[in-house]
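The analysis underlying the following values was restricted to heavy atoms, covering all of them including side chains, and did not include hydrogens, waters or symmetry mates. Heads up: numbering here begins at 1 and tracks the sequence.
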Amino acid sequence: MAVSVPIVNGEVQDPSASANSITNAAKVNKSSLGKDAFLQLLVAQMKYQDPLEPTSNTEYISQLATFSELEEMQNLRVSYDMQRAQSLVGKQVIMNVIAGATGNLTKIGGQVDYVVLENDKVYLSIQDQLYSLDDLGSIVDSEYLTALDKAKAFGTALGKLPSKSQLTVGDKEALEKVRKMYDELSPYEKTFIGQDLVKLLTDLEKKMQELVASAKAYDFKEGLKKLPETEDITLENKEAIASLRAMYNDMTDFEKDYIDKESLERLEAAEEKIKELEGTEATN
C-alpha cells in the first residue's frame, strides 16, 4: 500500500491548506486509537492514496473489519463500564484523583449519586462533581463505615475524660461507659481502635481502681474512728460494727489490700466485744 500524503506522529500531513481539517480530525490519543479517529484515518488514507499504486479492495475490507471489531469492543467496554458504575449508585467510594497541574494524588470519598455517560466515558457524580470511573480507588461497604463511626465515637468519648493525673472517683461512671463502648465492639470493629487508645483506657482504669480502693479504705478507717475504744464498746455500737464488716466483705481483693492490718484487727476486736456483751446479756 502506498500513500501520497506522509503521516507524522499518527497525523495525516496534507501539504495543502484545505486539508487541515482532515489532519486535525485524524489526531489520535497517545495511549489508544478511538473508533472515530480510526475511521477518519481510513477515509484520509482512501482520499490521499497514490493513484499509481492504489490500495487493494482486500486491504480495505480487512481494515473495515478491523474497524468493526474496534467499534464492537469499544461498545462492549462502555456497556460494561455503565453496568459497573450503576451498581455503585448509593454506595460510598474513594476516588484517586491526580491533579493536572501538580500531579499530586488526592483521595476523595463520598456517595455515588448517579452515573453520566459522555463521549463514551463513564463518570460518577459525587457531591455534585463528576469523576471518571477510571479513577475509582475502592468501594467502602456499610460494615466499614459503621466500624469507622463507632471508632470515632469511642475516641471522642475517651478524649473527654481527664488525664490520668487529673482523674477522680467522680469520673468512674463516665469511664465505665467508655469501657462498655469498647467491649460491645465486634472483633472487626476493634481493629479500628488504635492500640495507643486501648492502652490509655487500660491505664485510666488502673488509676480508677486505685482511687476507688483508696476511697473505700478511707471510708472504712473513718468508720472505725467513730467507734469508741474496744473496752468502751456497747451493744449500741453493734449496727455500726456490722456495717463496717459488710463494707469490708464487699471489697475486692485489690481493695482489701488498702486496709492495713491494724484497722482490720480493730474491727475484729470490736466484733469480739459485741459477742461478749451479747453473751453476758443472754446469761443475765
Side-chain angles (χ1 to χ4, degrees), residues 31-32 73-164 166-168 170-209 211-212 252:
S31 60
S32 62
M73 290 177 61
Q74 187 165 355
N75 290 338
L76 285 174
R77 179 188 62 78
V78 172
S79 176
Y80 170 77
D81 285 349
M82 277 297 293
Q83 291 180 3
R84 181 185 173 201
Q86 288 170 350
S87 70
L88 297 175
V89 174
K91 294 184 178 180
Q92 295 285 335
V93 298
I94 297 176
M95 309 299 292
N96 296 327
V97 181
I98 298 178
T102 62
N104 295 330
L105 176 66
T106 302
K107 291 185 178 292
I108 298 175
Q111 178 178 298
V112 178
D113 297 320
Y114 56 88
V115 176
V116 175
L117 177 63
E118 291 183 358
N119 299 324
D120 292 334
K121 289 280 291 182
V122 178
Y123 297 89
L124 306 177
S125 176
I126 302 172
Q127 298 176 358
D128 297 328
Q129 295 293 325
L130 295 180
Y131 300 93
S132 172
L133 181 63
D134 296 335
D135 294 333
L136 177 64
S138 58
I139 303 172
V140 184
D141 59 24
S142 58
E143 186 180 12
Y144 173 91
L145 290 175
T146 299
L148 190 61
D149 289 341
K150 288 185 177 181
K152 289 180 179 178
F154 172 81
T156 300
L158 186 61
K160 290 181 179 180
L161 293 174
S163 63
K164 184 178 176 180
Q166 296 178 325
L167 195 69
T168 67
D171 301 308
K172 185 174 182 291
E173 185 177 352
L175 182 58
E176 289 174 344
K177 288 182 179 179
V178 176
R179 164 52 69 179
K180 184 178 180 182
M181 288 178 65
Y182 181 79
D183 290 342
E184 290 179 347
L185 296 176
S186 68
Y188 172 72
E189 292 167 346
K190 286 180 179 178
T191 62
F192 286 71
I193 307 296
Q195 289 303 307
D196 55 332
L197 295 183
V198 177
K199 184 178 184 304
L200 175 58
L201 174 61
T202 303
D203 289 345
L204 289 175
E205 288 177 323
K206 288 180 178 178
K207 180 63 176 180
M208 181 59 69
Q209 189 179 29
L211 292 173
V212 170
T252 64

What distance separates Leu124 CG from Met95 CE, expressed to the nearest 0.5 Å?
5.0 Å
Tell me, with the steps shown, if Lys121 and Asp134 meet salt bridge (Lys or Arg N to Asp or Glu O under 4.0 Å).
CA-CA 9 Å; Lys121 289 280 291 182; Asp134 296 335; 2.6 Å; yes
Asn96 to Gly137 - nearest heavy-atom pair and separation:
ND2-CA, 3.3 Å
Under 6.0 Å from the CG atom of Asp128, do we count more than 12 heavy atoms belonging to anything else shown?
no
Atom pair CG/CG of Asp196 and Asp203 - distance to nearest 0.5 Å
11.0 Å
Work out which heavy atom in Gly110 is nearest to a heavy atom in Ile126; give both atom names and the distance.
CA-CG2, 3.7 Å
Can you tell me how far the CD atom of Gln166 sits from the NZ atom of Lys207, to the nearest 0.5 Å?
11.5 Å
Within-4.5 Å side-chain heavy-atom neighbours: Tyr144 and Tyr188:
yes
Of all the heavy-atom pairs spanning Asp113 and Gln127, show the shortest one and how long it is.
OD2-N, 3.6 Å
Rounded at 0.5 Å granularity, tell me how far CD1 in Ile108 sits from CD1 in Ile94.
11.0 Å
Side chain to side chain contact (heavy atoms under 4.5 Å, CB included) partners for Arg84, two or more places apart:
Tyr80, Leu133, Leu136
Residues that Lys172 engages under side-chain hydrogen bond (donor to acceptor under 3.5 Å, both in side chains), provided they are two or more places apart
Glu176
Do Lys91 and Val112 come close enough that some side-chain heavy atom pair is under 4.5 Å?
no
Answer yes or no: is there a side-chain heavy-atom contact under 4.5 Å between Tyr131 and Val93?
no
Determine yes or no for a side-chain-to-main-chain donor-acceptor pair under 3.5 angstrom, with Asp171 supplying the side chain and Thr168 the backbone.
yes
Tightest non-hydrogen contact, residues Leu161 and Ala174, listed as CD2-CB, 3.7 Å
Given Glu205, which partner from the list Arg179, Lys180, Lys164 fulfils the salt bridge (charged side-chain N to carboxylate O under 4.0 Å, His left out) test?
Arg179
Which pair of heavy atoms, one from Leu204 and one from Pro162, lies closest together, and at what distance?
CD2-O, 3.9 Å
Could you check if a side-chain atom of Lys150 sits within less than 4.5 angstrom of a side-chain atom of Phe192, using non-hydrogen atoms only?
no
How far does CG of Leu167 sit from NZ of Lys206, to the nearest 0.5 angstrom?
14.5 Å
Nearest 0.5 Å, please: how far is CG in Asp141 from OG1 in Thr146?
8.5 Å
N-O pairing of Arg77 and Asp81 below 4.0 Å
yes
